[in-house]
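This report concerns only the one structure given below.
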Amino acid sequence: QVQLVESGGGLVQAGGSLRLSCAASSDTFRRYAMGWFRQAPGKEREFVSAITWNGGTTRYADSVKGRFTISRDNAKNTVYLQMNSLNIEDTDIYFCAADAAVILRTSAGVYDIWGQGTQVTVSS
């Protein structure tokens, strides 16, 4: 089974940028749609963005549209989340996840495989 490892989180000032990466352990990564979710303590996991297996279609939560960009490099078995114009409300643990479905889905419960998460903290 594919394993996912996120990286790129950290502390950034409001208005700044970060790029998250999610590296998969095998080439079967290419079969999966990939999603990014985020979660604050005591809250449900929230959809951020998703991308189809070939990168042809993307989807974003309204709260990040125009600021975040998802992409993937199947040759490197990696999916990215470029986050610009960060604000304090973006502070969360960010997770990547793999979904075997062809269509893009926003419910965390349908994703099959999850990474361990990476912390993003935005300061004022």
Side-chain angles (χ1 to χ4, degrees):
Q1 179 168 322
V2 174
Q3 294 182 322
L4 304 174
V5 178
E6 301 96 334
S7 61
L11 175 64
V12 63
Q13 286 192 325
S17 299
L18 282 174
R19 188 175 82 154
L20 305 183
S21 299
C22 172
S25 59
S26 79
D27 291 348
T28 55
F29 161 85
R30 302 169 190 179
R31 303 176 187 173
Y32 291 92
M34 297 297 297
W36 284 98
F37 291 77
R38 62 188 183 185
Q39 188 172 24
K43 293 189 177 181
E44 291 189 356
R45 204 158 288 190
E46 173 190 24
F47 172 77
V48 175
S49 184
I51 189 168
T52 50
W53 69 274
N54 62 354
T57 303
T58 58
R59 190 169 178 178
Y60 297 93
D62 288 343
S63 59
V64 306
K65 203 171 292 184
R67 300 188 298 123
F68 290 12
T69 303
I70 191 171
S71 62
R72 68 189 295 162
D73 184 342
N74 284 346
K76 296 182 178 180
N77 294 337
T78 302
V79 62
Y80 304 98
L81 186 68
Q82 177 67 44
M83 306 187 295
N84 298 329
S85 302
L86 285 161
N87 56 56
I88 293 174
E89 290 72 29
D90 295 317
T91 296
D92 269 323
I93 300 174
Y94 283 71
F95 299 86
C96 67
D99 182 10
V102 175
I103 60 173
L104 293 180
R105 302 192 286 184
T106 62
S107 173
V110 303
Y111 280 72
D112 304 295
I113 304 167
W114 290 85
Q116 84 289 346
T118 185
Q119 176 71 48
V120 171
T121 303
V122 184
S123 64
S124 59

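Everything numeric here is computed off the predicted structure, so don't read it as measured data.
Expressed to the nearest 0.5 Å, how far CD1 of I70 lies from CZ of R72 amounts to 8.0 Å. Interatomic distance, C96 SG to E6 CD, rounded to the nearest 0.5 Å: 4.0 Å. Between the CD1 atom of I93 and the CD atom of Q116 there is a distance of 10.0 Å, given to the nearest 0.5 Å. To the nearest 0.5 Å, the span separating OG1 on T106 from CZ on R59 amounts to 5.0 Å.
No continuous path of ILVMFWY side-chain contacts below 4.5 Å connects I51 to F47, so the two sit in separate hydrophobic clusters.
Evaluation of the side chain to side chain contact (heavy atoms under 4.5 Å, CB included) rule for K65 yields Y60, D62 as partners, not counting sequence neighbours. With sequence neighbours excluded, the residues forming a salt bridge (Lys or Arg N to Asp or Glu O under 4.0 Å) with R30 are D27, listed by chain and number. Applying the side chain to side chain contact (heavy atoms under 4.5 Å, CB included) test to V2 and every residue at least two apart in sequence or in another chain returns L4, A24, S25, S26, T28, Y32, I113.
Among residues at least two apart or in separate chains, ring-ring contact (aromatic ring centres under 6.0 Å, His included) pairs with a member in residues 69-121 are F37-Y111, F37-W114. Sorted by first and then second residue, the side chain to side chain donor-acceptor pair (under 3.5 Å) pairs with a member in residues 40-50 read R38-E46, Q39-R45; sequence neighbours excluded.
A side-chain contact (heavy atoms from CB on, under 4.5 Å) with E89 holds for exactly one of L86, T91, D92, N87; it is N87.
The neighbour count for Q82 CD, taken as heavy atoms of other residues, nucleotides or ligands under 6.0 Å away, is above 12.
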Let me check something: any side-chain donor-acceptor pairs from residues 12-21 under 3.5 Å, sequence neighbours excluded? List them with distances.
unit_1, atom_1, unit_2, atom_2, d
S17, OG, N84, OD1, 2.9

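Closest non-hydrogen pair, N77 versus F29, comes out as CA-CD2, 3.5 Å. Contact between I103 and D99 at its shortest, heavy atoms only, is O-OD2, 4.3 Å. Summarising the geometry of A33 relative to A101, their closest heavy-atom pair is CB-O, 3.9 Å, with the distance given to 0.1 Å.
Side-chain atoms of T118 do not come within 3.5 Å of backbone N or O of S7 as any donor-acceptor pair.
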